[in-house]
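Atoms considered below: every heavy atom in the structure, side chains included; atoms not considered: hydrogens, waters and symmetry mates. Order of listing sets the numbers, starting from 1, for every ligand and every atom in it.
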Amino acid sequence: MLSEVGVIVLCLAVLKWLKPFSFRSRLPYPPGPPSKNFLLGNLSDLPLERQWLPFTEWARKYGGITYFRVLHKQSIVINSVEVAKELFDRRSHIYSDRAIIPMTDLMGFGFSTILMPYNDEWKAHRRYFQQAFKQEASRRYQPIQIEKVNDMLYQLLNTPDDFFNHIRHESGAIIMSTVYGHDVKPKHDHFVDIAEEGLGNISKATFHAVNLVPILRYLPEWMPGGGFQRLIRETKALCTKMINEPFDMVKERMENGTGRSCLATELIESCTSEQDLHYVKAVCATSYIGGAETSVSSVETFFFAMAKLPDIQKKAQEEIDRVVGFDRLPTFEDRPLMPYCEALLREVLRWRPVTPIGVPHFTMDEDVYEGYRIPKGAIAVANIWGMSRDPSKYDDAETFDPSRFFLPNGELNDDDVHYAFGFGRRVCPGRYLASATVWLSIATVLCCFNISKKKDSNGEEISIDTDYTGGVAIHPLPFQCSITPRSESAKALILAAAAQED
Ligand code: HEM
């Protein structure tokens, strides 16, 4: 008996040893740029910023899925929505992990759902996210969205040139009020400042040498090149504050009966253990990370496009005037009645996708796709930028044109640009909230204001040819535009909405 068990164990061991030499390992990797260097692989093909540009060039050359390697790290890039649906959605049991990024982990961002590996903690987080932000639940936050968007209208009326700050404030205010019931101060809000400072440091971590050579993490601070230890220490402290301070404020208010009902109070009430509380804290802090920097980008893009394209703006305003009239602001009930504004929102999400390469996934097992070998432990990038420029779907993709979303019979087509929010089990849980925020911003701003190019002292239009930043979430670089109320009645609507809130 013992010897039979021994044989079985031996066979299993041999099979395990043989696995890397299985038929899969003889399959080719997906096509991609030839490796230039045995050791470095495709390192020289990749810029430090805007990797979506070479990815999209490779997509034109090699197709829906491409492969490259940098040092020992293998990556696949998924360039079409169809391939992404097959791999990220249908084979989500393989494609739902995230790679650990040593620097962000050391800096204390390991609590964030966004960067967390696929494990039980992440599953618990997602359950809370689902409870909080599924489509139906997200409607609860509409009064907050209306209040904060109205605040933005008022600020735009008073100091239109400061529109970048007003947009940023709007997004942060919606998330902070939704999650913590906290009304963000117009400037230097303590909680926002902590979060922004901490998040600002993430970009310094992305391409850090420690990520490629993790042993460097032990380099002492006093040695040349060891300065990053200070960054780690300071960011870790900011992360601790970001997680605890707003949460403690909510708990304190709950205890003394002054708390406003919000996501944190709701989730705290559903906690039955310290472990739950720990998760809920992290979910709340992650909501800020995921929500504040992203919606802002779409609203900025909307202003950018409107300032450049008066005809499109006029078309949307005609629809708003027809459906809403002139004596009230648009509401969410108007949304299904305004297909052109819906198409405008889609085009904003498509034309400048907020996160052009999303947040990379990581494979948990080997896979075979259309005869190609996808290795275990590979970074799997959704090339959202490339998808938004897929020539088989979008003619003249660089042109901002909402009419591309209409069928010949005048109805909206079924392309809702869902890919802008990622895929599979990792799909953005805040997508309904985000879509509602951006839609309401578009509809109310166009109801009340005309956005146009600014004129210089000679009366000449100042051209807007600004580029976008790089980074995980992209933003237009600063530009100027003129934002003026459409009419006296529009002005009165804004003032009435502001007075109602006071
Ligand atoms: C226009 C606004 C937004 C865009 C374009 C956007 C886009 C994305 C994308 C592309 C991902 C990666 C998905 C993937 O890995 O496949 C993501 C993840 C995530 N987003 Fe959003 N997002 C937006 C707003 C929000 C908001 C408002 C929240 C919070 C309420 C949020 C919370 C998250 C979280 C927690 C994740 C991580 C999910 C996970 O790893 O399991 N996002 N988002």
Side-chain angles (χ1 to χ4, degrees), residues 52 78 81 84-85 87-89 92 95-99 109 111-119 121-135 137-138 140-141 144-145 148 167 170-180 262-264 279 282-302 345-346 348-362 379-385 387-388 416-442 472-475:
W52 48 91
I78 293 157
V81 173
K85 279 186 176 164
L87 301 187
F88 291 133
D89 293 356
S92 58
Y95 291 87
S96 297
D97 209 357
R98 296 262 195 243
F109 283 103
F111 74 87
S112 158
T113 324
I114 305 171
L115 300 173
M116 202 173 269
Y118 184 79
N119 57 22
E121 189 173 356
W122 172 82
K123 285 180 196 163
H125 279 212
R126 285 296 299 215
R127 279 194 292 277
Y128 287 118
F129 269 112
Q130 174 69 0
Q131 178 184 338
F133 294 115
K134 63 181 179 227
Q135 190 163 20
S138 293
R140 285 176 302 176
Y141 310 122
I144 294 175
Q145 289 169 309
K148 302 303 175 192
I167 298 170
E170 175 210 48
S171 285
I174 289 175
I175 280 289
M176 277 293 186
S177 180
T178 303
V179 177
Y180 298 111
C262 60
L263 176 64
Y279 291 156
V283 163
C284 290
T286 301
S287 300
Y288 184 84
I289 301 180
E293 192 62 15
T294 43
S295 312
V296 112
S297 159
S298 291
V299 180
E300 287 164 354
T301 291
F302 155 71
L345 164 68
R346 292 181 185 186
V348 163
L349 292 171
R350 183 204 70 82
W351 188 60
R352 290 291 181 268
V354 176
T355 57
I357 48 172
V359 183
H361 295 215
F362 196 63
I379 294 166
V381 176
N383 179 8
I384 294 173
W385 182 268
M387 294 174 195
S388 70
D416 60 0
V417 196
H418 62 86
Y419 54 83
F421 293 102
F423 294 92
R425 295 184 196 174
R426 288 286 185 166
V427 70
C428 173
R431 60 198 182 284
Y432 301 111
L433 185 80
S435 163
T437 295
V438 183
W439 180 84
L440 191 67
S441 307
I442 290 175
V472 178
I474 60 170
H475 299 271

Heavy-atom nearest neighbour in the protein, as seen from atom 37 (C) of ligand 1, with distance rounded to 0.1 Å: Ile114 CG1, 3.5 Å
Distance (rounded to the nearest 0.5 Å) between Asn383 CG and Ser388 OG: 8.0 Å
For atom 2 (C) of ligand 1, closest protein heavy-atom neighbour: Ala434 CB, 3.4 Å
Interfacing atoms of ligand 1 (cut-off 4.0 Å, heavy-atom, Phe423): 16 (O)
Min heavy-atom dist Tyr288 to ligand 1 below 4.0 Å: no
Part of Arg431 with heavy atoms under 4.0 Å of ligand 1, whether side chain, backbone, both or neither: neither
Euclidean distance, Thr294 OG1 relative to Ile289 CD1, rounded to 0.5 Å: 11.5 Å
Aromatic plane relationship, His125 with Tyr279 - under 30° parallel, 30 to 60° tilted, over 60° perpendicular: perpendicular
Contact check, Val438 vs ligand 1, heavy-atom distance below 4.0 Å: no
Flag side-chain contact, heavy atom, 4.5 Å: His418 against Phe423: yes
Region of Arg126 that comes within reach of ligand 1 [heavy atoms, distance under 4.0 Å]: side chain
Per-atom contacts of ligand 1 with Ser287, taking only distances under 4.0 Å to non-hydrogen atoms: 29 (C)
Residue pair Asp416 / Leu349, side-chain heavy-atom distance below 4.5 Å: no
Ligand 1 atoms in contact with Ala420 (distance to a heavy atom under 4.0 Å): 5 (C), 7 (C), 10 (C)
Under 3.5 Å: donor-acceptor pair, side chain of Arg98, backbone of Met116: no
Donor-acceptor contact below 3.5 Å, side chain Arg426 vs main chain Pro360: no
Ser298: numbered ligand 1 atoms lying under 4.0 Å from its heavy atoms: 1 (C)
Any N/O pair Ser295/ligand 1 closer than 3.5 Å: no
Shortest non-hydrogen separation from Trp385 to Ile474 and the atoms involved: CZ3-CD1, 4.3 Å
Nitrogen or oxygen atoms of Thr355 and ligand 1 under 3.5 Å apart: no
Nearest-option assignment for atom 5 (C) of ligand 1, heavy atoms, candidates Thr113, Val354, Val179: Val354
OG1-CZ distance between Thr301 and Arg350, expressed to the nearest 0.5 angstrom: 11.5 Å
For Arg98, the ligand 1 atoms whose distance to one of its heavy atoms is below 4.0 Å: 14 (C), 15 (O), 39 (C), 40 (O)
Closest approach of any protein heavy atom to atom 23 (C) of ligand 1, naming residue and atom: Thr294 OG1, 3.4 Å
Close side-chain approach of Ser177 and Tyr141, heavy atoms under 4.5 Å: no
Numbered atoms and elements of ligand 1 in range of Thr286, under 4.0 angstrom, heavy atoms: 35 (C)
Nearest-neighbour protein heavy atom for atom 8 (C) of ligand 1, which is reported as residue plus atom name and distance: Cys428 CB, 3.6 Å
Protein residue, atom and distance nearest to atom 11 (C) of ligand 1, heavy-atom basis: Phe421 O, 4.0 Å
Top protein contact for atom 16 (O) of ligand 1, by heavy-atom distance: His361 NE2, 2.8 Å
Thr286 side chain vs Thr113 backbone, donor-acceptor pair below 3.5 Å: yes
Candidate pair Ser92 and Arg425, rule side chain to side chain donor-acceptor pair (under 3.5 Å), full reasoning: CA-CA 6 Å; Ser92 58; Arg425 295 184 196 174; 2.9 Å; yes
Ring centroid separation His361 to Tyr95 under 6.0 Å: no
Per-atom contacts of ligand 1 with Gly290, taking only distances under 4.0 Å to non-hydrogen atoms: 24 (C), 25 (C), 26 (C), 28 (C), 31 (C), 32 (C), 42 (N)
Closest protein heavy atom (residue, atom, distance) for atom 36 (C) of ligand 1: Pro429 CD, 3.5 Å
Ligand 1 atoms in contact with Phe129 (distance to a heavy atom under 4.0 Å): 35 (C)
Polar contact flag for Arg425 and ligand 1 (N/O pairs, less than 3.5 Å): no
Tyr118 backbone acceptor or donor facing Asp97 side chain under 3.5 Å: yes
Identity and distance of the protein heavy atom lying nearest atom 27 (C) of ligand 1: Gly291 CA, 3.4 Å
